[in-house]
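Worksheet: one structure, shown below.
Sequence lines set the chain letters: A, B, ... in the order given, protein chains first and strands last, and positions in each chain run from 1.
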Amino acid sequence: MTDIPVTNDVRLGEGDLPELYRSGRAKQARARRNRILSYIAGLLVLAFIVAIGDWSKIQRLYLDPDKARSLFPDIITIAAKNTVIYTLAAFLGGVAIGLLMAIMKMSSLRPYRWFAVTYIEIFRGLPALLTITLVGFVTPTALGVKFPEILGVPTAGIIALSLVAGAYLAETIRAGIQGVPPGQVEAARSLGMTPNQTLRIVVIPQAFRLVIPPLTNEMVLLLKDTALLSALGTTTATVELTKFGRDAFSKDFNGTPFIVAGVIYLMLTIPLTYVVGRLEKRNMRTR
Amino acid sequence: MTAAEITAPAIELRGLRKSFGRNEVLKGIDLSIAPRQVVCIIGASGSGKSTLLRCVNRLEEPTGGQVLIDGIDITHPDCDLDLVRQNIGMVFQQFNLFPHLTALGNVTLAQRKVLKRSDDDANRVAREMLDRVGLAEKADSYPAQLSGGQQQRVAIARALAMNPEMMLFDEATSALDPELVGDVLDVMRTLASEGMTMLVVTHEMGFARRVADHVVFMDQGVVCEQGRPDDVLGNPQTPRLQQFLEKVLEH
Ligand SMILES: Nc1ncnc2c1ncn2[C@@H]1O[C@H](COP(=O)(O)OP(=O)(O)OP(=O)(O)O)[C@@H](O)[C@H]1O
Ligand SMILES: [Mg+2]
């Protein structure tokens, strides 16, 4: 009994410590020192910013309460509402196009595959702003058509955003369908289901659960991209958040509208990204 | 019924060949399984056992030879494979249950969609089949809530609910913890004793010896030795089979 060393006695002198503990303590000391240095560095940067900033000016130019109040209620009832409507409309269009392109890309008919590949490459490769401009200005001139406004929604911009979202969503949806294990298809076919039945009642329901998180992510991206729609020109009725903020800013060059618009964007996007996080965790559990 | 149909084997393979690219996995297999017969296929990993089984219901497309089910060549281009497969139950090593459906949902799905049975009929048959594999009380559980052995028994119930004439088992117990293997083998043994035609790929030599009417040893894409279980397993003729059995019995 007596010759068993009591190695977990913290009062042991350094000299009696086993090598494992001595090395562990040295590492912990290093980690503690690095942590303290990181805090000091951060505080220095913060102090520097505080010192050089003109805080009363910043408050006057960006956080003016009267200016902020004057934005309401229009910034909600017109601008934020339009942003949400444009996002949802472009998202629905994007999902429809994306599903179609995903199925075409997996088609056994070569021309269909080529079409889908070409479509996806073009609209993922172009800047969204360029696509919007092309659809909004060039297409009407070139084809002599005029995009109508439906229920006050400028359709040209929505179509352009749908085209872009569709290209990204096609790949997402295809990955979802192909992410369903091949054993699922084999089991369904071995029971006598047709390829169509297999896709409809076995593959798509499982693929859908896989793609909800990336689909929600795409909605967040779209929400931000609606800011680009103002490139096509807006009226007081069709204005969305960013343009609304810019218009309010240009009246007296007070930046408060940007801050308010920014906060509204975050109030829309943060809940969505939170939902994505939750869904991703849930997906991980069920697999 | 003609005389040919009465005497036709349930499953017959004639010169069956299968290549993946340049890799010839099945090199001309001839095999005949009579109705109500239980045939076990044994062999080393990569010898082509799964590929053979999957050619029987054409989950894998044979590159040569014929597969006859009840005397009819199902490699014929006019053959309706969906109809053929309704009649051949298949059980996979990885169960392949539908994870978004309960046990009951798994067993009723194909009954409703393929056989067009009413919900009531499908549910009644499904509960009967779940009871048969000893899982009546798990009807409302999702696959993720079941042990591997339970999942595999649900998969067997799912196949049986289609009233198949024959069953294919591809290493049905290989993915299971040792203590769960027995339950699944019991179900398979009962099925065999009830007269189901069964083609079983397995590494369970005890099962092959006690349950099979006929044992086939495959090696590198050919049938190397076959016969009655006691002969094949107890008195191997080829060095290949002797080596294989020695290796298996070591474990
Ligand atoms: N889809 C496929 N594509 C290419 N090669 C394949 C495919 N499926 C099987 N093979 C090859 O065919 C050979 C036989 O495979 P198979 O799965 O039939 O063997 P097995 O006898 O079932 O082995 P195991 O005991 O490991 O299951 C292997 O060499 C494998 O690599
Ligand atoms: Mg195998």
Assess the side chains of Thr75(B) and Asp73(B): does a donor N or O sit below 3.5 Å from an acceptor N or O?
-> yes
Scan side-chain atoms only and decide if Asp140(B) and Thr102(B) contain a donor-acceptor pair under the 3.5 Å cut-off.
-> no
From the list Met90(B), Gln94(B), His100(B), the residue making the most non-hydrogen contacts under 4.5 Å with chain A is His100(B)
Please list, chain by chain and in numerical order, all residues satisfying side-chain hydrogen bond (donor to acceptor under 3.5 Å, both in side chains) with Glu194(B), sequence neighbours excluded.
-> Arg132(B)
Is the shortest distance from a Lys or Arg side-chain nitrogen in Arg189(A) or Glu186(A) to a carboxylate oxygen in the other one below 4.0 Å?
-> no
In chain order, what residues pass the side-chain hydrogen bond (donor to acceptor under 3.5 Å, both in side chains) check against Ser107(A), with sequence neighbours excluded?
-> none
Hits for salt bridge (Lys or Arg N to Asp or Glu O under 4.0 Å) against Glu61(B), two or more places apart or cross-chain, chain-then-number order -> Arg58(B)
Can you say whether Phe98(B) sits under 4.5 Å from chain A via the side chain, the backbone, both, or neither, judging by heavy atoms?
-> both
Side chain from CB out, backbone as N, CA, C, O: work out which of these in Leu97(B) comes under 4.5 Å of a heavy atom of chain A, or both, or neither.
-> backbone
Among residues 120-128 of chain A, those lying within the under-4.5 Å heavy-atom range of chain B are none
Checking heavy atoms, do the side chain of Leu59(B), its backbone, both or neither come under 4.5 Å from chain A?
-> side chain
Any donor-acceptor N or O pair under 3.5 Å, side chains Gln93(B), Asp170(B) = no
Which bit of Gln184(A) is near chain B, if near means a heavy-atom gap under 4.5 Å: side chain, backbone, both or neither?
-> both
Heavy-atom closest contact (Val133(B) atom, Arg153(B) atom, distance) | O-NH1, 3.0 Å
